[in-house]
Amino acid sequence: MGGSGIVCDMIYSVLYSSSEVPVTVVKDFQIPRWTSKNSLLCAISYSGNTLETLNTVLKALEVGAEVCVVTSGGKLLDLARVKGLPHVVVDGGLIPRAAFPQLLIATVKLLSTYGVNICSDLKSLTNVLRDVEPISKTSKGLADFLKNSLPVVISNMRFYPLAMRFKDELNENSKMMAKVELVPEWAHNDIVGWELPLSIVKSLVIWDDDLVIEFLIEYLRGRGVELEVLKLLGDDLLSKMLYGSYIAGLTSVYLAELRGVKAEETKSIDMYKEFLRRRVK
Ligand code: PA5
């Protein structure tokens, strides 16, 4: 879920075009009916106390699936230790979404021990993050552009985890509502809504060399929609998403400053988790 779940989305997106076995992301209390002793469930929860994630682990163990874990502690780590599940412990003490790079690298490494190849060169993966100044400049520009708007982040399916990450960061750090649209599906329904766009809406398009993205930009501009196009640095999908995530994080923190809110605080999520703790035995 949330900042931990986005790691799964990114890995899913990479495996979509390379894995010969079916892969899915579970963000629920339930696991798919087809989960069996031939399945591998990789559970990621930074706190280790997210009930949705804990539940999927218990259910996967019930059907005899192989389970591995990435966490900083909590009940998930206790469970991994008691059941002897392969696990990686990342540094604690951060807010989950800020632990994203750690969680990603830990998961890539853990999955590689099962022969799942997501990234063969982890060192060069972070090269795109080194030049902080232009990243910060781009992020400040985006924060200015998006303030006082309802941002709609649009990407193609390859980059959907990044579009989600952008939305999540705006939600959690900047306390803003935001929406995600994905092409080509966008062109089969949402497109019609843009015939009469609300004036509060601004669009952030994640660029990819994709005919539908080209069409979308031309279409939205033609309707007078204010939009920015984010071009990503990086040699492959994962490094591009990492670069984009950095920009998403910084943009959302600059927006938090502009809006006078505390980026690290997520009172409503705490309220939800407290409710679940009281109600789920
Ligand atoms: O970033 C956040 O704080 C949230 O999105 C959390 O990641 C989410 O609530 C799940 O918690 P955890 O990552 O500890 O499993």
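No hydrogens, no waters, no symmetry mates; every other heavy atom, side chains included, goes into these values. Indexing begins at 1, ligand by ligand and atom by atom, following the structure's order.
The single protein non-hydrogen atom nearest to atom 3 (O) of ligand 1 is Arg97 NH1, 2.9 Å, given as residue, atom name and distance. The protein non-hydrogen atom at the shortest distance from atom 14 (O) of ligand 1 is Ser47 OG, 2.6 Å. The protein atom (non-hydrogen) at minimum distance from atom 12 (P) of ligand 1 is Thr50 OG1, 3.2 Å. For atom 4 (C) of ligand 1, the closest non-hydrogen atom on the protein side is Glu172 OE1, 3.4 Å. With respect to atom 13 (O) of ligand 1, the closest heavy atom belonging to the protein is Ser4 OG, 2.4 Å. Protein heavy atom nearest atom 7 (O) of ligand 1, with residue, atom name and distance: Gly3 N, 2.9 Å.
Those atoms of ligand 1 with a heavy atom of Ile269 less than 4.0 angstrom away are 9 (O). Shown in contact with Ser45 at under 4.0 Å from a heavy atom are these atoms of ligand 1, numbered in order with element: 12 (P), 14 (O), 15 (O).
For ligand 1, none of its N or O atoms has an N or O atom of Pro96 under 3.5 Å away. Ligand 1 has no nitrogen or oxygen under 3.5 angstrom from a nitrogen or oxygen of Thr266. Considering backbone and side-chain atoms together, Lys273 places an N or O closer than 3.5 Å to an N or O of ligand 1.
Using a 4.5 Å cut-off on side-chain heavy atoms (C-beta onward), Asn156 and Pro184 make no contact.
Separation of atoms CG (Leu237) and OH (Tyr16) is listed at 13.0 Å; rounding is to 0.5 Å.
Between the side chains of Asn49 and Arg277, not a single donor N or O lies within less than 3.5 Å of an accepting N or O. Using modelled atom types and a 3.5 Å distance limit, the side chains of Ser174 and Tyr254 yield no donor-acceptor pair. For the residue pair Asp121 / Ser124, a side-chain donor-acceptor distance below 3.5 Å is found, with atom types taken as modelled.
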Handout entry: Arg223 vs Glu195, salt bridge (Lys or Arg N to Asp or Glu O under 4.0 Å): CA-CA, chis, key distance, verdict
Key = CA-CA 7 Å; Arg223 303 250 140 8; Glu195 289 175 9; over 6 Å; no

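Lys262 approaches Lys175 most closely through the heavy-atom pair O-NZ, 2.5 Å.
Exactly one residue among Ile217, Leu220, Leu146, Leu216 makes a side-chain contact (heavy atoms from CB on, under 4.5 Å) with Ser203. That residue is Leu220.
The shortest heavy-atom distance from Thr53 to ligand 1 is not under 4.0 Å.
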